[in-house]
Structure formats: structure tokens, C-alpha cells
2 protein chains.
Amino acid sequence: MAAPEPHGDTRAPEGTSPLGDDLGFALGVVFRAYAKGAQAVIGKIPGGPRGYQILTAAASDEAGSQSSLAQRLGIDRTVMTYLLDDLERQDLVRREPDPADRRNRHIVATPRGREQLCDAEKQLRLVEDHILGGISAEDAGTLRDLLRRLAERLHGLDPTGNLCSAAAEAASPAAIGL
Amino acid sequence: MAAPEPHGDTRAPEGTSPLGDDLGFALGVVFRAYAKGAQAVIGKIPGGPRGYQILTAAASDEAGSQSSLAQRLGIDRTVMTYLLDDLERQDLVRREPDPADRRNRHIVATPRGREQLCDAEKQLRLVEDHILGGISAEDAGTLRDLLRRLAERLHGLDPTGNLCSAAAEAASPAAIGL
DNA sequence: TATTGTTATACTCTATAACTATA
DNA sequence: TATAGTTATAGAGTATAACAATA
């Protein structure tokens with residue numbers, strides 16, 4: 001989503017839940033609530049969720065070159081160029097030359113980038129607490145456990161869904177897709 | 001969704017999860033898995049998820065006029081026109097004149113529309129089963145229950161508006177505690 | 001010739017606004 | 001004047017393709 005989110009958010013209706021109150025519906029509501037919260041935090045970073053992903057990778061020195069990073073995050077390499085332009089403009093990451101292969105640009109986080117990332121992570125934890133605020137600590141633990149077990153299995157079945165998409169695509173109306 | 005989701009064949013880096021294995025990550029993976037399956041089912045309906053929502057409302061005779069339906073679903077009224085054009089073109093819904101107010105168009109589902117909706121619902125149940133396949137029936141029930149409780153609460157934060165507003169509230173910096 | 005990164009173009013989706021017809 | 005619906009225009013976002021530099 002990059003941009004501060006258009007306003008055309010399509011959500012589920014009131015009494016006419018398309019999926020009734022079944023799993024898909026509840027899952028969607030909870031996910032979108034989390035996604036919205038995450039967006040509020042991550043929206044400040046240029047490129048939104050994807051900027052956050054890039055920043056995370058850069059901060060842990062796992063970013064590598066632009067194209068390898070793009071491939072890993074499922075971002076088009078041409079889009080990666082624009083995203084990095086924006087991040088670099090705000091001094092959150094830097095493109096450094098690779099002595100070994102001068103075609104490559106190595107992506108690294110600046111001190112300012114690390115700082116901003118750290119802040120975002122803290123705030124994301126608060127969002128999480130807010131979402132889980134409706135149930136007991138014990139139930140919250142159960143939920144985490146169940147979701148993690150499902151996620152592990154699903155991830156093994158189809159590694160296509162990269163994690164960022166999780167918090168990340170949250171913001172993208174397109175990705176919400178239902 | 002909208003677009004059949006790019007080619008994101010992205011392998012999620014195991015140890016580098018931006019959010020670790022916390023809630024947001026697991027939630028995102030599970031949601032995305034469901035969304036992907038749902039997309040396969042609903043993608044056949046013109047307008048995708050929104051077409052499905054419209055069809056659902058129309059089939060239960062709760063659609064009403066175009067603009068009231070649009071408002072309820074959080075869809076722009078101009079977009080509603082296009083969506084209905086597509087749905088009508090495939091004989092899934094009809095626009096019927098309202099004798100009381102000739103400005104209004106009452107949206108109703110055609111037999112073909114009801115049939116297609118019924119098929120989609122059946123298939124969505126299969127998707128759900130697939131997602132929950134990794135855990136026991138008892139755990140699945142627990143998960144459903146917990147998610148429903150969270151969803152109800154999140155939804156209840158703003159009973160007047162649609163889910164969009166509810167989620168937005170969760171996203172507000174104040175709610176997050178900033 | 002293949003690959004990294006950049007730039008230019010076209011396409012999709014959506015919102016804004018202007019328009020018609022009813023009220 | 002206000003509202004329901006339609007149509008036209010413009011914008012954001014993204015993918016496709018053409019390009020430059022390096023291998």
C-alpha cells in the first residue's frame with residue numbers, strides 16, 4: 001500500500017456476514033483488526049508494510065542485494081527500486097556498493113533506521129495486546145498456540161505466503177481479498 | 001486480491017521473521033492460507049469478494065437499493081454500479097424498479113445467482129476444513145470459539161459503523177496507548 | 001549473452017466530480 | 001433543492017518492457 005491507504009476500504013457488513021459467523025468471518029475480523037493496528041504503526045515508514053519488511057531485513061544484515069531481497073520478500077524488483085529510493089531519502093537505509101560484483105547494491109540500515117524499526121516493534125506488541133484484550137491470558141496463550149500450530153503446518157504446505165504479508169499486506173486492500 | 005495476486009513466490013526466511021513467531025505472524029499465515037483458498041472459490045464470481053457479498057445480500061433479499069447496499073458493504077456507490085453491471089451481465093442478479101420511488105433499483109438474485117452462491121458456500125466450507133486439518137476437532141472448536149469471541153468484541157467496539165470503523169478504532173494511536 | 005538496477009509506458013482499480021432522472 | 005444512479009476524468013499503484021552498466 002505504500003500510500004497512506006486510499007479510503008476505499010471494503011469490509012464486511014453488519015447483519016449480513018457473507019460467511020456467517022464461521023471461521024473465515026471471525027478470522028477476517030481479527031486479522032483485519034490487527035492489520036489496521038499494524039498499519040497505524042507501520043504506516044509512518046515509507047513504503048508502509050513493505051518498507052518495514054525491508055528495514056527489518058536491512059537491520060539484521062540479511063538484506064543482501066536489491067534483487068535477492070526483492071525475491072525473498074515477493075516484491076517486484078522495479079518496485080524495490082522505488083521503495084529503496086523513499087527509504088534512502090529518509091535516511092533509513094543505504095545502498096552500498098559491492099566490491100565483489102559492482103552490479104550489486106548492498107542494502108544496510110542506518111542508525112536512524114534501526115531506531116525507527118525498534119520503535120515500531122514495540123508498538124506492534126501493544127497492538128497485539130489490544131487485540132487480545134478481550135480474552136483471558138490463559139485463553140490468549142491457547143489461541144497463540146493453536147494459531148502457531150496451524151501456521152507451521154500451512155507454511156510447510158505452501159511456503160508461498162511469506163511472513164510479512166502477515167502484518168504487511170494487512171494494509172493492502174487488495175491483499176485482504178476476503 | 002483484485003488482481004490474482006502477483007507472482008510472489010517468496011520463501012519466508014525462517015529465523016528472520018520480523019515479528020518472530022508471535023501472534024501477528026501466525027494470524028497472517030493462517031488468514032492468508034484461508035484467503036488464498038477462498039479466492040480460488042470466489043474468484044470466479046465477477047467482482048470477487050465484493051461480488052460475493054452482493055450476491056449473498058441479494059439472495060437473502062436484504063440488498064435493498066444500490067446505495068443502501070453500497071453503504072452497508074462499505075463500497076463506493078460508483079463502484080457498486082460497475083459491480084452490478086458485471087453481475088447482471090452474467091445473470092447472477094437483476095436490478096428491478098421500485099414502484100414506490102422510481103429512482104431506486106432493487107437488487108435481487110436470479111436463480112442462477114442463488115445456485116452459484118450455494119456452490120461457493122459449499123466450497124468455502126471445504127477450504128475451512130482444509131485450514132483446520134492440522135489440528136484435532138476439539139482444538140478446532142476451541143479456536144473457532146476464541147476467534148469468534150475476539151471478533152465479536154472487536155466488532156462491538158463500534159456497533160454503529162461497519163467493521164472498517166471498528167478496525168480503525170483498534171488502530172488509533174490512542175487505543176494503542178501512544 | 002546473462003544479470004543488476006533504473007527508467008518509461010501501459011494497465012487496473014478506485015475515487016471525484018459532472019450529469020440525468022426522479023422526488 | 002435533494003437524492004439514486006450513471007458516466008467521465010484523474011489519480012495512485014503496479015507490472016511489463018526497454019535501457020544502461022557490469023559480468
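All chains are named by letter (A, B, ...) in the order of the sequence lines, taking the proteins before the strands, and each is independently numbered beginning at 1.
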Chemist: Backbone N or O of His106(B) within a donor-acceptor pair of the Ser65(B) side chain at under 3.5 Å?
Modeler: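 A pair under 3.5 Å: no.
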Chemist: With hydrogens left out and only the distance checked, is there a donor-acceptor pair under 3.5 Å joining Arg77(A)'s side chain and the base of dG5(C)?
Modeler: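 When only heavy-atom distances are counted, Arg77(A) does reach the base of dG5(C) through a donor-acceptor pair under 3.5 Å.
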Chemist: Within this structure, what is the CG-to-P distance between Asp76(B) and dT7(D), rounded to whole angstrom?
Modeler: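 One finds 15 Å between P of dT7(D) and CG of Asp76(B), rounded.
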Chemist: Which residues within residues 78-91 of chain B lie with some heavy atom under 4.0 Å of an atom in DNA chain D?
Modeler: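 Hits under 4.0 Å, by residue number: Thr78(B), Thr81(B), Tyr82(B).
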Chemist: Under the 3.5 angstrom rule, does the side chain of Arg72(B) hit a backbone N or O of Glu62(B) as a donor-acceptor pair?
Modeler: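 Side chain of Arg72(B) to backbone of Glu62(B): a pair is present.
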Chemist: Would you call Asp145(A) and Arg149(A) a salt bridge, taking side-chain N to carboxylate O under 4.0 Å as the test?
Modeler: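 Answer for the salt bridge query: yes.
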Chemist: Regarding Asn104(A), tell me which of base, sugar-phosphate or nothing describes its non-hydrogen contacts under 4.0 Å with the strands shown.
Modeler: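 Asn104(A): backbone/sugar contact only, no base atoms under 4.0 Å.
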Chemist: Between Leu143(B) and Leu150(A), is any pair of side-chain heavy atoms under 4.5 Å apart?
Modeler: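 A side-chain contact under 4.5 Å exists here.
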Chemist: Atom CD1 of Ile75(B) to atom C1' of dC13(C): distance rounded to whole Å?
Modeler: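 Nearest whole value for this atom pair: 14 Å.
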Chemist: Evaluate the side-chain proximity of Asp119(B) to Lys122(B): yes if any heavy-atom separation is below 4.5 Å, no if none is.
Modeler: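 Side-chain contact under 4.5 Å: yes.
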Chemist: Examine dA4(D): is either OP1 or OP2 under 4.0 Å from a nitrogen or oxygen in the side chain of Ser65(B)? Give yes or no.
Modeler: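 No, no such contact exists.
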Chemist: Can you confirm whether Leu87(A) sits close enough to Ile45(A) that some side-chain heavy atom of one is under 4.5 Å from a side-chain heavy atom of the other?
Modeler: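 In short, these two side chains touch, coming nearer than 4.5 Å.
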Chemist: Is Ile135(A) linked to Leu154(B) within one hydrophobic cluster, defined over Ile, Leu, Val, Met, Phe, Trp and Tyr using a side-chain heavy-atom separation of less than 4.5 Å?
Modeler: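 Same hydrophobic cluster.
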Chemist: Scan nucleotides 20-23 of chain D against the protein and return all N/O pairs shorter than 3.5 Å with their distances rounded to 0.1 Å.
Modeler:
unit_1  : atom_1 : unit_2    : atom_2 : d
dA23(D) : OP1    : Arg102(A) : N      : 2.9
dA23(D) : OP2    : Arg102(A) : NH2    : 3.4

Chemist: Considering the options Arg77(A), Arg95(A), Gln71(A), which one meets the side-chain hydrogen bond (donor to acceptor under 3.5 Å, both in side chains) requirement together with Gln66(A)?
Modeler: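 Only one option passes, and that is Arg95(A).
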